Amino acid sequence: MYQFAEIEKKWQKVWQEQGCFKVQKMPGRMKYYLLEMFPYPSGKIHMGHVRNYTIGDVVARFKIMQGYQVLHPMGFDAFGQPAENAAIKNNTKPDIWTRKCIEWMRQELKRMGFSYDWDREVVTCDKEYYRWNQWIFLKMFERGLAYKKASNVNWCPACATTLANEEVIDGGCWRCHTKVEQKELEQWYLKITEYKERLLEDLKLLEHWPRRVIAMQTNWIGKSEGVEIYFRLQESDKVISVFTTRVDTIFGATYLVLAPEHPSVLEIIRGKPQEREVLKFIDKVAKESKAIRAAEGVKKEGVFTGAYAINPVNNEVIPIWIADYVLMEYGTGAIMAVPTHDQRDFLFAKEHRLSMRLVIQPKEGMRLMPETMTAAYEGDGVQVNSGQFNGLPNQEAKQKIAAWMQNSGIGRIKVHWRLRDWLISRQRYWGTPIPIIYCGKCGTAPVPYEDLPVELPKDAPFTGEGGSPLSKVEEFVNTRCPRCKGQALRETDTMATFFDSSWYFLRFCSPHFTQLPFDIEEARYWMPVDQYIGGIEHAILHLLYARFFTKFFKDLGLINIDEPFRRLLTQGMVLKDGQVMSKSKGNIVDPDSIITKYGADTLRLFILFAAPPETELEWDDRGIEGAFKFLNRVWRIRKNLREKADLAVLKILHRTIKKVTEDFQEFKFNTAIASLMELTNAIYQFGADKEVFERLVLMLAPIAPHLCEELWQGLGHQESISRESWPVYDARFLVDETVTIVVQVNGKVRAKIETPRDTGEDRLKELILADQKIAALLAETPPKKFIFVPQKLVNIVI
RNA sequence: GGGCAAGUGGCGGAAUGGCAUACGCACGGGACUUAAAAUCCCGGGUCCGCAAGGAUGUGAGGGUUCGACUCCCUCCUUGCCCACCA
């Protein structure tokens, strides 16, 4: 058994003392920026971190050996609510608690042997970092991209703070799952919608992103093309606009439905007999939160308003209803209902006995009739009951109707987006103060750049409930107006922490730069990130925000790239007994205890070997034993080297170099390790000389760096193995003089014959027919056809 | 309801049009040992057979092909994301 504890400690010290992984830009040399999503400093690393960072570390070390300048930094996403909660619980301060956690985590990361340039560490709660959050905010404010508005916002009562749309999951808070309420508040927003076209369009540039992440972002941005249609009221000139993506069904609109919150509702019902009933219904819906409205799903309640509108395409008079299934947040808050071709409208119409008209007849199958339909027909077909558009395929009619409506002024072709502006105000203490001052005389004023940072006070009386903690710190709140120098008040909300992580990858390029968020020259060299690695849970929020910030920096002229992350790898989760490791399930395996028992190299090896990076990984205590056994097996080779290696082993060696190099490039670590194991098995069978063994050690080094450093030194080398060149294969060893030809009869393997490589088809045929087994099979039924796959296979059809 | 993945031995997984189950775990056998552990070597899809060998086999059913885990169609199951989105 090799002494992993000693060896690992020894080499970690050497790496640190020699500054092995410090990196500087070197113009003219190929760079490689490898980034793993930085952690929230919870205090302990978990297997998810181990997996994420091990994958990254292997790639970083591999690229260094291939001769790249590799930027591989690490930092801490240190602001956020858990620090406040922990501080309350442990009767300490978020600052102290966070710094202690960072200290522990840094030690654990070092114990894993990761090749970070620790000189570049970035901690977001340092004022040298968050001052640039404030700087960025002010730049956005100047350009109208940061603005304050009052609106109904998502409010988590447990966290006592607002939430972005992106942070509401199934109607609950993304962090504590408490039911989210709606609250009218004045809050700061970032105008991400200004960038919606580019955020959508540039997804096309991301060829090396997982398709599903692209799909999720596309979905989230939610572009839909349709027509806004103007319906005039029967009794006045007032107009109700509706948005539809199915303008081909406009002739089938038999009523309108407004959201209960629609601003026109009160006017429409005024003085009507239905007024009282409608008000009652609105009141009832208002009490229900959005989450409940969505959750109850199928139930579609509504009432008639007593008013009528005119369908502009055929001047038909149709009733106006209000219903809870129409949402004010989407479209215009009003819809045209086409019960025959929309399932929700169909259910509602059946329930309230509203009329239906078929306008699209399927091309094949039964002819539909509204009276006998049991569900809406949402597929394609041919227009009927649609005036001059009758007989057209509906997809074609869609284009023509839209153009016609636009020309006659009864509608307008319009694009609707689902993406909303990003709410960044948080009523919490542990975050970046928003650099804004309110003056009674001058109004809202940005903090002058020279006054940055607006420092977060060390002390604030926070309890986790009621209002922004900073509002209670008088020396923070009270200030002077930058314009009139009179008494003024500071903004007391802090920024959402997703702001911090939206540009940290740029800060890593020049972490100590004092003139700007980052040094333009450094960023020009290092950016974009060549490979980004992290969890799928950030597929929307973080990655969308980071893309937004990058485009903003481009507009500021600070960088000249459109997208921050060239390639993205989303690693799978680590499971135990088929479930995600979690405290509540009690199935956590602590990386620390594994390192103590087997060493970091074994842990690294196992986590790469057990599954491909993108799939879920099932933790297996016995599997880790196997990984440990393999490393010991490699360790023992050093004592049994021969003078000269067997040709068989050389062939396998060169095949392995080819395979491992290719696999590393594609992040197929599990199969790369499998071939290293095969090579090891071959060495046990045939023996190896020093050169063969050295190349095995070089290939294993990115995976098990400590063990390989020790072996490398033992083989007589002075330099760290991490700076050695990656081995190259010699193609001459890959070619054999003879090949094994698989002989199939009707697709079934019946024989294998060994022949010289260059055997011609005629000669091969002779050899095959001479084979006893094949001859026996062909005796009864003569062959119809021979199919030759050169140097591989022959299939005989009989 | 929409979108995207995935389904292969007892288990993790390999093979993406050409020998299904590489590599590892677990299991069985052997060597070494007084013995055990460790180590080294060998064997394992399933069914029939002492064996040689044969049949069968990648969620189910169909198709394309000389040949399909791989491509196409239908269905089932599981996971993830979005969702009264008009």
Side-chain angles (χ1 to χ4, degrees), chain A residues 1 169-170 210-220 222 224 226-227 229 242-247 249 257 259 290 293-300 323-327 329-338 341-345 347-348 378 416-418 536-537 539-540 570 572-573 575 578 605-606 609-612 614-627 629-630 632-633 636 668 670-681 684-685 740-752 773 783-789 792-798:
Chain A
M1 200 177 89
I169 315 281
D170 289 334
R211 286 203 355 233
R212 61 175 176 152
V213 175
I214 301 282
M216 280 155 110
Q217 294 225 348
T218 305
N219 208 327
W220 188 263
S224 57
V227 178
I229 305 170
V242 306
F243 177 74
T244 181
T245 54
R246 288 296 306 273
V247 75
T249 65
V257 190
K290 263 190 273 182
R293 250 167 94 176
E296 290 188 351
V298 279
K299 218 164 70 191
K300 293 181 188 355
D324 58 358
Y325 77 98
V326 175
L327 306 174
E329 304 81 53
Y330 193 80
T332 59
I335 63 157
M336 64 172 200
V338 185
H341 304 295
D342 181 288
Q343 184 60 18
R344 290 158 305 171
D345 297 342
L347 293 173
F348 191 79
E378 296 180 338
H416 186 267
W417 301 80
R418 190 184 166 281
I536 185 74
E537 65 273 19
I540 297 171
T570 50
M573 293 203 262
L575 310 180
L605 176 71
F606 170 72
F609 183 56
E614 304 222 54
T615 53
E616 290 177 335
L617 184 152
E618 176 70 28
W619 182 264
D620 181 1
D621 286 325
R622 288 175 308 208
I624 197 129
E625 293 266 2
K629 253 159 59 181
F630 170 67
N632 276 292
R633 218 163 130 80
R636 279 190 298 271
K668 290 155 88 175
N670 55 334
T671 50
I673 293 167
S675 20
L676 291 174
M677 287 171 166
E678 283 179 81
L679 174 60
T680 304
N681 291 344
Y684 270 77
Q685 194 180 343
T740 307
I741 303 289
V742 173
V743 184
Q744 296 183 332
V745 176
N746 281 349
K748 287 201 157 86
V749 180
R750 295 299 175 178
K752 287 174 192 181
K773 231 181 114 179
K784 274 192 211 151
K785 199 174 168 188
F786 282 75
I787 288 153
F788 294 93
V789 181
K792 232 181 202 170
L793 175 140
V794 176
N795 191 15
I796 307 167
V797 188
I798 60 169

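Because the structure is predicted, anything quoted here is derived from the model rather than measured. These values consider heavy atoms only, across backbone and side chains, with no hydrogens, waters or symmetry-generated copies. Lettering of chains follows the sequences in order, A, B, ..., and the numbering in each one begins at 1.
A syn base is found at B:G44: its glycosidic angle is within 90° of 0. Taking 90° from 0 as the syn/anti boundary, the base of B:G9 is oriented syn.
Rounded to whole angstrom, the span from the CG atom of A:Leu327 across to the P atom of B:A83 amounts to 11 Å. Nucleotide B:G12 holds its P atom 12 Å from the CD atom of A:Glu616, rounded to whole Å. Rounded to whole Å, the distance from CG on A:Leu347 to P on B:G1 is 12 Å. As a whole-Å value, the separation of A:Trp220 CH2 from B:G2 P is 21 Å. One atom, CG of A:Asp621, and another, C1' of B:C11, lie 14 Å apart when rounded to the nearest Å. The nearest whole Å value for the distance from the CH2 atom in A:Trp417 to the P atom in B:A86 is 14 Å. At whole-Å resolution of the value, CZ in A:Arg418 and C1' in B:C81 are 11 Å apart. Note: CG (A:Asn219) to P (B:C82) measures 8 Å, nearest angstrom.
Across all strands shown, A:Pro612 has heavy atoms under 4.0 Å from sugar-phosphate atoms exclusively, and none from any base. If you check every strand for non-hydrogen atoms under 4.0 Å, A:Phe786 touches nothing.
Only the P atoms considered, B:G44 is 12 Å distant from B:C23, to the nearest whole Å. Comparing B:U64 with B:U70, their C1' atoms are spaced 13 Å from each other, to the whole Å. Nucleotides B:G10 and B:U16 are separated by 24 Å at their P atoms, to the nearest Å. When the C1' atom is used for both B:G43 and B:U34, the distance is 29 Å, rounded to whole Å. Only the C1' atoms considered, B:A14 is 12 Å distant from B:U58, to the nearest whole Å. A distance of about 16 Å separates the C1' atoms of B:G12 and B:A6, rounded to the whole Å. Nucleotides B:G62 and B:A68 place their C1' atoms 14 Å apart, quoted to the nearest Å. B:A20 and B:A55 are spaced 13 Å apart, taking the P atom of each and rounding to whole Å.
With sequence neighbours excluded, no residue satisfies ring-ring contact (aromatic ring centres under 6.0 Å, His included) with A:Phe609. Legend: residues meeting side chain to side chain donor-acceptor pair (under 3.5 Å) with A:Ser675, ordered by chain and number and at least two apart, are absent. Residues that satisfy the side chain to side chain donor-acceptor pair (under 3.5 Å) test with A:Arg633, not counting sequence neighbours, are A:Asn681. In this structure, A:Asn632 has no side chain to side chain donor-acceptor pair (under 3.5 Å) partners at least two apart in sequence or on a different chain. Take A:Glu614 and apply the side chain to side chain donor-acceptor pair (under 3.5 Å) test, not counting sequence neighbours, and it matches A:Thr570.
Residue order along RNA chain B, read from the 5' end via each residue's closest nucleotide, puts A:Ile796 first among A:Gly331 and A:Ile796. Nearer to the 5' terminus of RNA chain B, by closest-nucleotide assignment, is the contact made by A:Val797 (compared with the other of A:Ala334 and A:Val797).
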List the steps and the verdict of side chain to side chain contact (heavy atoms under 4.5 Å, CB included) for A:Ile536 and A:Arg212. CA-CA 10 Å; A:Ile536 185 74; A:Arg212 61 175 176 152; 3.7 Å; yes
Between A:Asn746 and A:Val797, does the side chain to side chain contact (heavy atoms under 4.5 Å, CB included) criterion hold? Intermediate values first, please. CA-CA 5 Å; A:Asn746 281 349; A:Val797 188; 3.8 Å; yes
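Screening A:Asp342, A:Thr244, A:Asp345 for a side chain to side chain contact (heavy atoms under 4.5 Å, CB included) with A:Ile335, the sole residue that qualifies is A:Asp345.
In this structure, B:A5 and B:U78 make a Watson-Crick or G-U wobble pair, each of the two defining distances being under 3.5 angstrom. Across the strands present, B:G61 finds its partner in B:C73; the criterion is a Watson-Crick or G-U wobble pair with both atom distances under 3.5 angstrom. When Watson-Crick and G-U wobble pairs are counted only if both distances are under 3.5 Å, B:A52 pairs with no nucleotide at all. Across all strands shown, the partner of B:C40 is B:G30, judged by Watson-Crick or G-U wobble contacts whose two distances both fall under 3.5 Å.
Residue A:Arg344 has a polar side-chain atom (N or O) positioned under 4.0 Å from OP1 or OP2 of B:C85. Not one side-chain nitrogen or oxygen of A:Arg211 sits closer than 4.0 Å to the OP1 or OP2 atom of B:G3.
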Whether each nucleotide of nucleotides 18-33 of chain B has a protein heavy atom under 4.0 Å at its base (B), only at its sugar-phosphate (S) or at neither (-) is summarised, 5' to 3', as BB--BBSSS-------
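Of the candidates B:U39, B:G12, B:C84, the closest approach to any side-chain atom of A:Ala610 belongs to B:G12. Distance from the side chain of A:Lys785 is smallest for B:C66 among the nucleotides B:C66, B:A83, B:C84.
By the 30° and 60° cut-offs, the orientation of the rings of A:Phe243 relative to A:Tyr330 is perpendicular.
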